[in-house]
Asks: 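Here it is, the structure, as structure tokens.
By convention in this document, chain letters (A, B, ...) are assigned in the order of the sequence lines, proteins followed by strands, and residues within each chain are numbered from 1. This structure is a prediction, so every number in the text was calculated from the model and none was measured.
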Amino acid sequence: MAIPAHYNAKEVEDKWYDYWMKNNYFHSEVDEREPYTIVIPPPNVTGVLHMGHMLNNTIQDVLVRRARLKGLNACWVPGTDHASIATEAKVVAKLKAEGIEKNDLSREEFLQHAWDWTHKHGGIILQQLKKLGASCDWERTKFTMDEDMSSSVIKVFVDLYEKGLIYRGYRMVNWDPQAKTTLSDEEVNYEERNGKLYYLKYKVDGTNDYLTIATTRPETILGDTAICINPNDERFAHLKGKKAIVPICNRTIPIIEDDYVDMEFGTGCLKVTPAHDENDKNLGDKHNLEVIDIFNDDATLNHYGLHYEGKDRFVVRAEIVEELELSGFLDKVEEYVNKVGTSERTGAVIEPKLSDQWFLKMKEMAQPALDAVIGHDINLVPEKFINTYRHWMENVRDWNISRQLLWGHQIPAYFYGTGKNDFVVAETAGEALEKARKVTRNSDLKASDLTQDKDALDTWFSSWLWPMSVFNGILEPENEEIKYYYPTNDLVTAPEILFFWVARMIMAGYEYRGERPFKNVYLTGIVRDKQRRKMSKSLGNSPDPLALIDQYGADGVRVGMLLSSPAGNDLMFDEDLCKQGSGFSNKIWNAFRLVQGWDISEDIEQPETAKMAIDWYRSKFQKTIREIEDHYSKYRISDALMSTYKLIWDDYCSWFLEMVKPAYGEPMDSKTYQEIISILEDNLKILHPFMPFVTEEIWQEITDRTPEEALIVAKWPEERNFDETIIKEFSHAAEVIAGVRKIRKDKNISFKNEIDLSVLNNENTSKTFDTVISKMGNISQFEYVNGSVDGALSFRVRSNEYFIPVAGAVDVEAEKKKIKEELAYTEGFLKSVEKKLSNERFVNNAPEKVVAIEKSKKADAEARIEALKASLKNLN
RNA sequence: GGGUGAUUAGCUCAGUUGGUUCAGAGCACUACCUUGACAGGGUAGGGGUCACUGGUUCGAAUCCAGUAUCACUCACCA
């Protein structure tokens with residue numbers, strides 16, 4: 001059977017994914033083995049796969065597959081997030097395109113549309129992950145709005161409310177006028193924007209004086225309810241106790257004093273608008289000021305806006321400046337750069353707004369979550385994020401958990417009256433009714449008298465329970481699964497959601513299980529393009545992941561992503577790396593092709609070279625898997641891959657296979673062949689986490705396997721003792737071979753022509769690999785000599801001198817020059833070593849070990865100089 | 001503005017508690033080779049004052065201080 005010279009990933013990958021699925025290898029059940037659990041960071045249910053997901057899920061799959069091979073009960077739980085704002089925005093936009101306004105629909109009608117949308121687009125991303133090879137336990141797929149997941153959320157809300165940790169408050173919140181909902185502080189991004197600082201004049205009541213204030217938001221003057229000066233500001237002493245008149249609306253407002261005002265900034269006078277600025281709100285509370293909210297929910301002006309009513313805030317800003325200028329109230333305008341809060345989801349400029357919202361107290365819950373990370377019960381990888389985490393947790397503010405959205409978990413608060421506090425909190429409407437009857441002492445209260453709070457909960461209020469709720473750990477805290485799988489092992493996610501999600505999962509974990517939700521958090525970097533720009537849809541610089549998989553194969557793309565992604569560092573994605581990845585697949589494929597093509601004979605003895613090669617490779621393999629193990633333990637996945645890559649490409653393909661390769665057309669002895677297959681199988685095992693498809697393909701091509709014998713569930717190679725000496729001896733031999741190759745190249749001697757080699761064995765080097773040297777150097781005669789060989793080219797490995805007789809081709813002068821250069825270098829080296837050793841302070845202060853090393857360096861250098869001098873003399 | 005981290009080859013990055021002539025890897029580059037696994041191959045090379053300036057030390061890419069640039073993160077100066 002002819003095997004194609006080019007590995008064709010496309011034909012192979014779906015086949016094996018189907019095979020794995022069919023045999024249920026991804027599924028995990030509670031058993032007596034040690035569990036290894038990862039919960040996926042649930043992507044938005046209607047999202048599509050982007051490069052960030054590719055990186056993130058490749059890493060998770062590597063960890064999960066490796067755990068599975070190591071005999072752990074690996075369980076990777078997939079799922080999706082309802083992503084309230086994002087999904088609702090999409091549904092609203094879609095309805096709008098069809099001419100339907102959200103406000104014209106009832107709650108139920110809108111939710112029906114949202115569910116339709118979810119069912120239509122939901123889960124596409126999970127299908128895409130399958131192309132990548134993700135070995136998720138698909139039977140466990142969860143959605144944050146599944147019935148049981150929702151019940152968990154509601155149960156936790158009620159519990160926290162009863163514990164007094166959730167409260168309702170009238171607070172300044174971040175209002176997104178586009179999505180018409182509040183946002184948590186974490187969902188606001190601050191951007192620097194070029195704006196203007198307007199200097200406005202207010203008439204001082206009862207005088208002809210004016211005072212001047214500076215503001216970036218002139219439209220908010222209509223909501224002004226005071227002017228504030230610093231009591232220590234002598235410039236304004238004459239204003240104390242006076243009143244000012246707001247331009248345009250001609251309202252009279254008090255002039256108050258507070259040392260909050262910075263005398264240096266602007267004019268030293270501050271306009272106070274309690275409804276539209278958090279600091280102003282604080283001032284207002286302190287000084288009992290009136291609160292005038294001038295905006296509608298969509299940030300157009302309301303009736304307080306007078307003739308601007310109904311116009312957008314930014315339109316009004318331009319127009320009001322014009323009016324102020326015309327009427328002489330505008331003093332001057334300066335260019336000004338300020339930070340503007342924008343919505344993480346919609347990009348709209350945030351409007352600070354006072355409203356009734358639900359909050360979760362954070363301080364108490366933050367403490368154990370902080371301790372866990374500081375005390376390394378939970379490891380952040382890389383550790384540099386600990387500082388950021390600590391800073392955030394120490395300054396944590398209460399979490400605004402209500403959203404003015406329909407898509408999400410409706411807040412289980414039921415109002416029985418019109419008062420702000422006329423509500424009860426309960427898991428069901430029935431329980432709410434009972435509670436309400438009790439509270440009101442009105443047993444006639446009917447279900448229809450209760451109105452449930454219209455708002456939904458922040459999306460993160462469900463995802464923070466994810467590691468518990470996917471195992472039903474909230475509703476049934478004592479069930480077998482949660483006890484077995486929790487705490488999970490590793491969490492792989494982006495640093496961007498360290499606070500949104502990771503920190504809150506830790507808090508919830510300690511609150512509800514008294515235990516960390518995971519042991520390690522691997523924080524991936526952001527995937528950027530070559531110019532370091534973040535990949536984004538709008539820039540159009542993000543490659544389509546599925547197209548990449550199509551072109552390079554999933555294995556190729558996985559390797560491409562991992563080749564350059566140290567934890568926590570951004571990944572500069574370069575498609576060439578995928579090319580390197582698919583090149584690697586092809587290399588592995590061809591190495592198999594070579595092995596597979598040999599004829600096997602029972603009648604020949606195992607050659608010495610093959611035996612040595614096998615001994616050496618087994619040791620080298622053992623040494624390398626220790627290195628790989630070490631890299632994994634530090635979550636240095638790209639280093640683990642690189643060690644594997646070099647082992648396979650350099651040691652296995654370039655050295656080992658070349659050493660055991662029989663002469664062209666000759667058969668191979670069966671003993672060697674058996675060993676080569678066993679070595680190949682070990683290689684496939686350590687490659688499998690990175691490149692699951694090509695490895696399974698080869699594994700199954702080697703011989704027929706039962707489903708139980710599939711590579712995905714094979715046993716990771718055991719660590720055995722290995723021989724360090726043979727590795728050293730081989731590396732010496734490899735240097736000799738390199739020397740021979742260099743001379744062949746310099747003198748244009750084809751590899752096909754046999755040559756002779758002699759050695760002056762000053763080092764007393766072991767002869768173990770002599771047959772290998774002969775084979776790899778195509779040496780006809782390899783002899784040991786006692787003195788220099790005349791008329792031969794030479795090279796040195798350590799103190800040994802090697803000679804290759806070349807008829808008439810020796811350029812004595814060139815040889816001499818080469819030796820002299822080497823001599824000069826070695827003498828320089830010796831000098832530096834001697835200098836060190838003659839320095840008393842070095843000898844006295846440096847550790848003995850270091851001094852001993854220096855001494856042996858000295859001896860080596862001296863021996864080498866002797867050898868070089870001898871050669872030189874010989875040439876003269 | 002505060003905090004944190006970074007700066008090593010053309011690119012992406014290693015460099016473990018200061019100690020081999022320690023300055024590395026992969027890719028890219030150059031020259032040559034290649035009809036017998038693989039041109040997605042092989043062999044051999046070139047390439048860096050370890051951001052800068054001082055200091056500590058017998059010895060500094062590594063420790064300390066300052067400077068510059070960058071990144072991330074937090075923050076209510078209108």
Asks: Could you state the CD-C1' distance from A:Glu854 to B:U21, rounded to the nearest angstrom?
Replies: 10 Å
Asks: Using the C1' atoms only, state how far B:A51 lies from B:U7, rounded to an integer number of Å.
Replies: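 Rounded to whole Å, the distance is 6 Å.
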Asks: Rounded to the nearest Å, what distance is computed from the CG atom of residue A:Leu837 to the P atom of nucleotide B:U21?
Replies: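 Taking atom P of B:U21 as the reference, CG of A:Leu837 is at 11 Å.
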Asks: Whole-Å distance between B:C32 P and A:Asn748 CG?
Replies: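 One finds 11 Å between P of B:C32 and CG of A:Asn748, rounded.
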Asks: How is A:Arg744 classified with respect to the nucleic acid when contacts are heavy atoms under 4.0 Å: base, sugar-phosphate, or nothing?
Replies: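 No contact at all - A:Arg744 keeps every heavy atom at 4.0 Å or more from the nucleic acid.
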Asks: Could you please name the option among B:U20, B:C58, B:G5 that lies closest to any side-chain atom of A:Lys384?
Replies: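 For the A:Lys384 side chain, the nearest candidate turns out to be B:G5.
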Asks: Taking the nucleotide of RNA chain B with the closest heavy atom to each, which residue, A:Cys653 or A:Met642, is nearer the 5' end?
Replies: A:Met642
Asks: For the backbone of A:Lys728 and the side chain of A:His732, can you confirm whether one donor and one acceptor N or O come within less than 3.5 Å of each other?
Replies: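 Pair absent, no side-chain N/O of A:His732 close to backbone of A:Lys728.
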Asks: Mind checking the C1' distance from B:G15 to B:C58? Whole angstroms is fine.
Replies: 23 Å
Asks: Is there side-chain contact between A:Leu330 and A:Leu200, with heavy atoms separated by less than 4.5 Å?
Replies: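 A side-chain contact under 4.5 Å exists here.
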Asks: Can you tell me the distance, in whole Å, between the CZ atom of A:Phe573 and the C1' atom of B:U12?
Replies: 13 Å
Asks: Using atom P in both nucleotides, what's the gap between B:A25 and B:C33 to the nearest angstrom?
Replies: 26 Å
Asks: Just call it for A:Lys742: base, sugar-phosphate, or nothing, with non-hydrogen atoms closer than 4.0 Å on any strand.
Replies: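 Sugar-phosphate contact only.
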Asks: Check the chi torsion on B:U69 and let me know: syn if it falls within 90° of 0, anti if not.
Replies: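 Anti, since the glycosidic angle lies more than 90° from 0.
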Asks: Now, which nucleotide makes the Watson-Crick or G-U wobble pair with B:G1, with each of the two distances under 3.5 Å?
Replies: B:C74
Asks: Take atom P in B:C22 and the same atom in B:C32, then report the distance between them in whole Å.
Replies: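 One P to the other, the span is 32 Å.
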Asks: Between B:U4, B:C38, B:U21, which nucleotide has the shortest distance from any of its atoms to the side chain of A:Ala5?
Replies: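 For A:Ala5, the side-chain atoms sit closest to B:C38.
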Asks: What's the gap between B:A60 and B:A23 when it is taken at their P atoms, as a whole Å value?
Replies: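 Nearest-Å result for B:A60 against B:A23 at atom P: 13 Å.
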Asks: Rounded to whole Å, please give me the gap between NZ in A:Lys634 and P in B:A14.
Replies: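 Interatomic distance, NZ of A:Lys634 to P of B:A14: 13 Å.
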Asks: For A:Asn683 and A:Tyr617, which I'm curious about, is there any donor-acceptor pair between the side chains at under 3.5 Å?
Replies: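 Indeed, the side chains of A:Asn683 and A:Tyr617 share at least one donor-acceptor pair under 3.5 Å.
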Asks: Provide the distance between the two C1' atoms, one in B:G48 and one in B:C13, to the nearest whole Å.
Replies: 14 Å
Asks: Side chain of A:Asp233, backbone of A:Met263: donor and acceptor closer than 3.5 Å?
Replies: no
Asks: Taking A:Asp570 for its side chain and A:Gly525 for its backbone only, find out whether a donor-acceptor pair lies under 3.5 Å.
Replies: no
Asks: I'd like to compare against my own output: the B/S/- annotation of nucleotides 69-78 of chain B with a strict under-4.0 Å heavy-atom distance to protein.
Replies: ---SSSBBBB
Asks: Nearest to the A:Phe842 side chain among B:G5, B:U12, B:G19, which nucleotide is it?
Replies: B:G19
Asks: For a quick check, tell me whether the side chain of A:Lys745 and the base of B:C32 share a donor-acceptor pair closer than 3.5 Å.
Replies: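 Looking at the base of B:C32, it does not pair with any donor or acceptor on the side chain of A:Lys745 (distance under 3.5 Å).
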Asks: Pick base, sugar-phosphate or nothing for A:Lys752, based on heavy-atom distances below 4.0 Å to the nucleic acid.
Replies: sugar-phosphate
Asks: What interatomic distance, in whole Å, is found between C1' of B:C63 and the corresponding atom of B:G47?
Replies: 30 Å
Asks: For A:Tyr199, is the NZ or CZ atom of A:Lys332 found under 6.0 angstrom from the centre of its six-membered ring and inside 45 degrees of the ring axis?
Replies: yes
Asks: So, does the side chain of A:Gln580 form a donor-acceptor pair with the base of B:A28 at under 3.5 Å?
Replies: no
Asks: Now, which nucleotide makes the Watson-Crick or G-U wobble pair with B:A44, with each of the two distances under 3.5 Å?
Replies: B:U30
Asks: On the ring face of A:Phe690, is A:Arg558 found with NZ or CZ under 6.0 Å from the centre and within 45° of the axis?
Replies: no
Asks: Salt-bridged, A:Lys196 to A:Glu334, with N to O below 4.0 Å?
Replies: no
Asks: Does B:G42 have OP1 or OP2 sitting under 4.0 Å from an N or O in the side chain of A:Lys587?
Replies: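 True: A:Lys587 side-chain N/O within range (under 4.0 Å) of B:G42 OP1/OP2.
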Asks: If the cut-off is 4.0 Å, is A:Trp649 near the phosphate of B:G42, judged by side-chain N/O to OP1 or OP2?
Replies: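 Yes, such a contact exists.
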Asks: Could you state the atom-to-atom distance from NZ of A:Lys646 to P of B:G24 in whole Å?
Replies: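 Value for this atom pair: 13 Å.
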Asks: Using a 4.0 Å heavy-atom cut-off across all strands, classify A:Cys228 as base, sugar-phosphate, or nothing.
Replies: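 Result for A:Cys228 = nothing.
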Asks: Are A:Leu563 and A:Met642 side-chain neighbours, meaning at least one heavy-atom pair lies under 4.5 Å?
Replies: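 Result yes, sub-4.5 Å side-chain heavy-atom pair found.
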Asks: Strictly by Watson-Crick or wobble contacts shorter than 3.5 Å, is anything paired with B:U12, and which nucleotide is it?
Replies: B:A25
Asks: Just the rounded figure in Å: distance from P of B:C29 to CG of A:Asp576.
Replies: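 The distance from CG of A:Asp576 to P of B:C29 comes to 9 Å, rounded to the nearest Å.
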Asks: Are the aromatic rings of A:Phe385 and A:Tyr389 close, with centres under 6.0 Å apart?
Replies: no
Asks: My understanding is that a pair needs two contacts under 3.5 Å, Watson-Crick or G-U wobble. By that rule, which nucleotide pairs with B:G54?
Replies: B:C64
Asks: Provide the distance between the two P atoms, one in B:G59 and one in B:U20, to the nearest whole Å.
Replies: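 Their P atoms lie roughly 15 Å apart.
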Asks: On RNA chain B, does the nearest nucleotide to A:Ser585 precede the nearest nucleotide to A:Asp574 from the 5' side, or the other way round? Give the residue.
Replies: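 In this pair, the answer is A:Asp574.
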Asks: Between B:G26 atom C1' and A:Leu562 atom CG, what is the distance in whole Å?
Replies: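 Result: 14 Å.
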